[in-house]
Amino acid sequence: IMCASAKYNTRGPALIPRMKTKHRIYYITLFSIVLLGLIATGMFQFWPHSIESSSDWTVEKRSVHDVPVVKLPADSPIPERGDLSCRMHTCFDVYRCGFNPKNKIKVYIYSLKKYMDEYGTSVSNTISKEYNELLTAISDSEFYTDDVNRACLFVPSIDVLNQNALRIKETAQALAQLSRWDRGTNHLLFNMLPGGPPDYNTALDVPRDRALLAGGGFSTWTYRQGYDVSIPVYSPLSGEVDLPERGLGPRRYFLLSSQMALHPEYRSELEALQAENGESVLILDKCTNLSDGVPAVRKRCHKNQVFDYPQVLQESTFCVVLRGARLGQAVLSDVLQAGCIPVIIADSYILPFSEVLDWKRASVVIPEEKMPEMYSILQSVPQRQIEEMQRQARWFWEAYFRSMKAIALATLQIINDRIYPYAAISYEEWNDPPAVKWSSVSNPLFLPLIPPQSQGFTAIVLTYDRVESLFRVITEVSKVPSLSKLLVVWNNQNKNPPEDSLWPKIRVPLKVVRTAENKLSNRFFPYDEIETEAVLAIDDDIIMLTSDELQFGYEVWREFPDRLVGYPGRLHLWDHEMNKWKYESEWTNEVSMVLTGAAFYHKYFNYLYTYKMPGDIKNWVDAHMNCEDIAMNFLVANVTGKSVIKVTPRKKFKCPECTAIDGLSLDQTHMVERSECINKFASVFGTMPLKVVEHRADPVLYKDDFPEKLKSFPNIGSL
Amino acid sequence: MQTRKKYIFLTFLASWLLLFFGGDQLRRFAFFPGRKAEAQRNWPRWTDRSLLKSFADPEELQSDGDPSLPSPRERRAAWLSVYKNSRCRMETCFDFSRCEKNGFKVFTYPRERDQPLSESYGKILTSIERSRYYTPNPEEACLFILSIDTLDRDHLSGQYVRNVDEKIHNFPLWNGGRNHLIFNLYSGTWPNYTEDLGFDIGQAILAKASFYTESFRPGFDISIPLFSKDHPQRGGEKGWLYQDSIPPKKKYLLVFKGKRYLTGIGSGTRNALHHIHNGKDIVSLTTCKHGKDWEKHKDTRCDKDNVDYEKFDYQELLHNSTFCIVPRGRRLGSFRFLEALQAACIPVLLSDGWELPFAEAIDWGKAAVVGNEKLLLQIPSAVRCIHPERVLAFQQQTQFLWDAYFSSVDKIVHTTLEIIKDRLRPHRSRSRFLWNALPGGLLALPDFSTHLGDFPFYYLQLGSSPSEKFTAFIRASSPADSLSQPILRLIQAVSGSQYCAQILVLWSSEKPPPPRGKWPRTTVPLTIIQGSGKLSDRFFPYVAIQTDAVLSLDEHTSLSTSEVDFAFVVWRSFPERIVGFLTRSHFWDPEQRRWGCTSRWTNELSIVLTAAAFYHRYYHSLFTEYLPVGLRELADGLAACEDILMNVLVAAVTKLPPIKVTQRKQQKDTVPQQVGCEGGRGRGDPSWAAKQSPSPLHSPPKVKGTAGAGSRRFSQRHDCLNQLAAWFGSMPLVSSQLRLDPVLFKDQVSVLRKKYPRLEKL
């Protein structure tokens, strides 16, 4: 079975036998030839495509008037009326969609025909500009298939966007004779203006049997939840008028109504609001005395004042969207485009894409009966929320209203999500505007769980050849009560680890993992042997940490399982002179990183480090043999949005071996390299995720005047 | 020789590769026409596409109105007569005006003696009566709940109540069911299990388990989960996820163990489940043993299935599987659903047409896999393909939802009520985001704010941070005429903080506050609020508090500016928690079988006294509006209980311990801080500090205080803790072993380098 999901290796780096030198040249040549072959293949792959896209010679060029004509006999069958009880599991044939690795439905579009009745009168306009755009968008999308037998969803090319423009019975007959009609099963119709006088039904009146309806203006009585899709009424002004995005915040008018054909009852209620609240409310109407040639649709008037529409919408914080004869109104689209917060007054209206969009974050819905209280209701909206709603409104327009393409793709995506719910787009992806998506974090470990102490932690020691020091570390760490397993990652391919009998005898299982290559990232691999959530990464020369210090570190990690918990802290600073980041290891009052020479963290971050590290950071670190700890700090802060926790006073890992080579110049190069790492990572992440804090964690009774022997962690270590 | 062979082989290999990968491309180059024909089937780019007419005239779009139409008022009136009963919606079948004057109040019909009441329905009624919306007065009620048990409407059941129609029509309040809420768990009976309740619910809202989408009135009815009679009234068990592992280290991928029906409704789905059983990571077991006469319908698989069935234990499977199949039974919902949710076994629903519980609020796509009964065979591959990160997110979400909405009857009933309440004022209701993010809709009150950034919980998701100032809130209750020295010093210290926006003094003494001139001059505004003297006053959501952070203080508290500054900076990192200086810890006393709390110097803490603590102002609203009146009265009646109540509340919301920050060492005689839990804090008693000698090595909590008054307060505080634990259904407090200090605290380095040197001085 093919999965779309990325397979990852749970075994760990495999052991590769070391090549013999004499075969090396042979293998290198072999490899380069294969590589060359692949590059050549790649070039062949792309070469022809670039020709195709530059001139669209593959696409047919014809006029809509040349399409074949179909005559509908007067007695040709008419589908049943729409079935109100239809749901996906009753009226939709899922077998047509099947399981596929991409989890995408396949959509087929019937070819365009012109329909005539018996007398040769055409049934409707062949196709409108908008419907053509919609079908083009579907045809260009990933959903499209030209193979009718593989299709899961069928879209007729019969244009029913506007019910007024078509003859109901004949259109129904035209639908019924489609080759795969089959009672309308898996057929999708798009309609924006349903119903007609005098009763204005809220759904398309054309009998359509089981066909799904993407309709603008559903009421709760006609909308088949989970089957139909509620779509916006497209406003052609979206394409014509460019309204640049306005800054957020209060605007000149507080409340504005721009609709022209309001019922007198509504209008008088609005005017009452204006009378009460004065200038902050603006109620516009049709202009009566416009000179010829000025399109009435682009002007609005209040008394003698003339305003440009839709530009005037940008002058108001809230804009009224009242129901007319129909529930769905094109003005909603204009209002959203202007970044004005829609005040929706249309009882029982199903808002566009309400299955996925959280309209409460972008609009205010007020029951018709509460219209007189509208002003006070709106005034109770907090200022900061107004800004967010403005941003949200504009984002909805940009993503789901601005073009027929946007409307078509959102509709198909919603249907797709129903058929492959386990691959559905999340609430956040639908609703969060890019600015929020960028700045917000969704912590993968969001549940506030304090892991049970009994689980303990797994210590991972990365070592190369310092066996003596390694053994000391093992002995020291094994004294920590909560240690549950010790894993030695043997990173030296030239030398075998010591024999079993030579290793220190400790009370917990000790495992040695041999790696294929001497890479720093081996320390952060999610080895299967790690059975606890908590991991203690520790270098093979860290022998100065006391057992109390380590145990306390573990206890702190349990309270902050989604953070890095470490000992010496480090800081990043913005160097104003150099205009870049700088690494700081001095005695600072702040920390933003901890060294992973000894640090506790969740095993999940090993998984992230190995498989989800952005950009080329992982390879870069392996190549430079440095900064794997900074990379880990970046990764964790970026995905959780939280700071590290530094525990205990410790500021440095002083190792006895290091002192000999510790020189000033070495120290300086070290600092420069580390600063480079920070700058490199910040540019790859596209932001500086590290969080600066001024605190560290100490035991509750640290340095308190209290008998040491009664303290849980008396020997907490020193600088 | 060897080498030459190798190179020949290499050349051969390279050319072969080229042909293999490149050949296909070359072929395509050669046969253009084939591709062209294929491409033609795309939707054409019409040559005259720019000339096409718009679907509607702009005029037509903008003036969509018809003056001849009936007026909106008439239309709404006409609706009322058309959209009734099975077509009910809130705007046609619910009388909003009943809820306007007194707000959302719920009335339960008095229970009658001779009326049988099932255990579950009893719990539902209790939940309502315990809620903050309950009213015993039908006059002021907005919503009515019957005392007739309507949970089991299977007329073959022993709990079926007869003649419901007759009974309800005799109720003067019934009014055709308007503004009534009816709970039901089982409807219909063998063989069809229809949605029929056996009586006419009229215009009542139906809260029903196993709701079928077709009979569900959207935006009006509510789908609730099926729960057993043993479901706890309050609190409820915790979820079973203790470990976030990736990849999910469970023994099984997908399991099912249950009955299958050989005939009748629902049998199709369950009879097919054995197909996906592979005996390894997918275990799907059914038994035919069901009902009395199963052997009559027995099929060829039954004997083998029955044997396999006994080999596995249901609980064991539940605990050790990543996904659990939750198929329909005779009815659409099953107990299995909540069991799987609690077990963090991601439910894979095979129950077509089931309106999922609270789907109006809950986004099930984040916690369950909604499968299709027809596509059973695709389920294994579908769940195998879900990314490990997503599995982990699913698991955590099941736990959140379980704990927020399902773990007790209280939560189920309160969620139902909140959903209805939200419909009454759509502009002041919870967005879908609030329902589906921690801590959940029941704990995020839209009455406080509809702006997400005003709550302490969502900063990270929104990419924002709490405001940079705080409001100092000092409670003064000493009966003295003039201001005492401590409070003057406190005001000075607090107003010295660069983060202080304003100081509020809650004057709780009977005597009037000193005149303006007696108060110290401060750089920040100082306001005096007259309190009513109640202890719970200190957590009232005063409008004057406009900053996110509140620094709660007592007049006796002694703090320095450094301490305040540092604590506030820490709070900004933990805005959902209480951050403070003085701590207590709770413990379970196994001898007396009750909770106790201690002020001994301990290695742990779980309570931060609000005599000196930062917390988010939202907790004032939650304290005053979320907690039922009874609980607040309890806090008013017992000394120092409101402190604990606040801590318990915040812990119940966050599931996290409070945070203790560095406190300066002080001279012992002026320190009230070390006074114990045991002694209470003796409000209004000026000599209290002196009586309780602060000794680090305090006697253990079991040895009660010496003074009589002390021992009474001791028991009071313990009583408080125990009563709160009883009300919450469990002990929400969480212990912490750490204290947050400045990075260089007490380090042997020059004080000049330190940002908070004063914290280290005596």
Side-chain angles (χ1 to χ4, degrees), chain A residues 1 3 5 33 37 41 44 58-61 63-64 85 87 89 99 128-130 135-136 139 146 161-162 220 225 236 260-261 265 297 324-325 330 347 358 360-361 364-365 377 382 384-385 421-422 424 439-441 447-448 555-556 587 589 604 607 641 649 694-698 700 703 712, chain B residues 14 17-18 21-22 25 39-48 52 54-56 58 61-66 71-72 89 91 213-214 218 244 246 352-353 365 369-370 378 381-382 385 387 396 426-427 431-432 451 460-461 463 569-570 603 655-656 737-741 743 746-747 753 755:
Chain A
I1 298 147
C3 278
S5 71
I33 288 178
T41 318
F44 276 123
T58 50
V59 180
E60 181 191 15
K61 286 195 167 157
S63 155
V64 283
S85 66
R87 294 293 181 274
H89 68 278
F99 177 76
S128 66
K129 186 165 156 257
E130 283 79 10
L135 294 181
T136 309
S139 161
D146 53 13
L161 280 182
N162 183 353
T220 59
Q225 196 153 18
M260 296 199 286
E265 197 176 297
V297 292
D347 286 1
D358 193 344
K360 283 180 187 166
R361 287 172 69 185
V364 183
V365 177
I377 287 173
R384 283 191 296 166
Q385 192 185 355
Y422 39 84
S439 62
S440 75
V441 289
L447 196 71
E555 297 293 347
V556 172
W587 292 82
N589 284 286
Y604 183 83
Y607 169 85
E694 298 183 4
H695 53 254
R696 71 166 200 240
D698 289 323
V700 175
K703 295 261 176 180
S712 301
Chain B
L17 264 172
L18 255 176
F21 286 109
Q25 297 296 317
Q40 260 175 5
R41 277 179 261 153
N42 268 4
W43 185 253
R45 300 275 189 275
W46 305 107
T47 47
D48 48 356
L52 291 173
S54 182
F55 76 109
L61 274 178
Q62 289 191 7
S63 43
D64 167 54
D66 199 339
S71 85
R89 297 292 183 269
E91 53 267 42
T213 42
E214 244 178 72
D244 290 330
I246 188 157
D352 290 352
V369 176
V370 185
Q378 290 184 4
S381 36
C385 285
H387 285 253
Q396 294 178 75
H427 56 276
S431 63
R432 233 176 141 69
H451 176 56
L460 286 173
Q461 284 112 308
V569 172
V570 169
N603 287 295
K655 320 262 184 274
L656 295 170
Q737 300 193 55
L738 57 91
R739 182 182 78 199
L740 295 184
D741 293 328
V743 173
K746 299 228 168 156
D747 284 348
R753 278 182 177 269
K755 186 166 175 188

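Nothing here was measured: the structure is a model prediction, and the numbers come from that model. Letters go in sequence order (proteins before strands), and every chain restarts at 1.
- In this structure, chain A has a heavy atom under 4.5 Å from the side chain of B:Leu656, while its backbone stays farther away.
- In this structure, the portion of A:Asp358 lying under 4.5 Å from any heavy atom of chain B is its side chain and not its backbone.
- Options B:Ser71, B:Ala56, B:Pro72 differ in how many heavy-atom pairs under 4.5 Å they form with chain A, and the most are formed by B:Pro72.
- For the options A:Met260, A:Lys360, A:Glu130, heavy-atom pairs under 4.5 Å to chain B are most numerous at A:Glu130.
- At distances below 3.5 Å, at least one donor-acceptor pair connects side-chain atoms of B:Asp48 with backbone N or O atoms of A:Val64.
- A donor-acceptor distance shorter than 3.5 angstrom exists from the side chain of A:Asn162 to the backbone of B:Phe55, with no hydrogens or angles considered.
- Most heavy-atom pairs under 4.5 Å with chain A, from the set B:Val570, B:Val369, B:Leu460: that is B:Leu460.
- Without hydrogens or angle criteria, A:Arg384 side chain to B:His451 main chain gives no donor-acceptor distance under 3.5 Å.
- When each of B:Leu740, B:Val370, B:Leu738, B:Thr213 is scored by its heavy-atom pairs under 4.5 Å with chain A, the top score falls to B:Leu738.
- Between B:Ala382 and A:Tyr422, the shortest heavy-atom contact is CB-CZ, 3.4 Å.
- In this structure, chain A has a heavy atom under 4.5 Å from the side chain of B:Val569, while its backbone stays farther away.
- With chain A as the partner, the residue from B:Arg739, B:Glu91, B:Lys655, B:Lys755 showing the most heavy-atom pairs under 4.5 Å is B:Arg739.
- Both the backbone and the side chain of A:Pro448 come within contact range of chain B, with heavy atoms under 4.5 Å apart.
- A:His89 meets the ring pair (Phe, Tyr, Trp, His ring centres under 6.0 Å) test with B:Tyr212; sequence neighbours excluded.
- Heavy-atom distances place both the backbone and the side chain of B:Gln461 under 4.5 Å from chain A.
- Although no hydrogens or angles enter the test, the distance criterion places no donor-acceptor pair under 3.5 Å between the side chain of B:Asn603 and the main chain of A:Val700.
- For the set B:Gln737, B:Arg432, B:Gln378, B:Glu214, the count of heavy-atom pairs under 4.5 angstrom toward chain A peaks at B:Gln737.
- Take B:Pro426 and apply the side-chain contact (heavy atoms from CB on, under 4.5 Å) test, not counting sequence neighbours, and it matches A:Val365, A:Pro367.
- Only the side chain of A:Glu265 comes within contact range of chain B, judged by heavy atoms closer than 4.5 Å.
- Counting all heavy atoms, side chain and backbone alike, A:Ser128 lies closest to B:Leu52 at O-CD1, 4.1 Å.
- For A:Val364, the part lying near chain B is the side chain, with the backbone staying farther off; criterion is any non-hydrogen pair under 4.5 Å.
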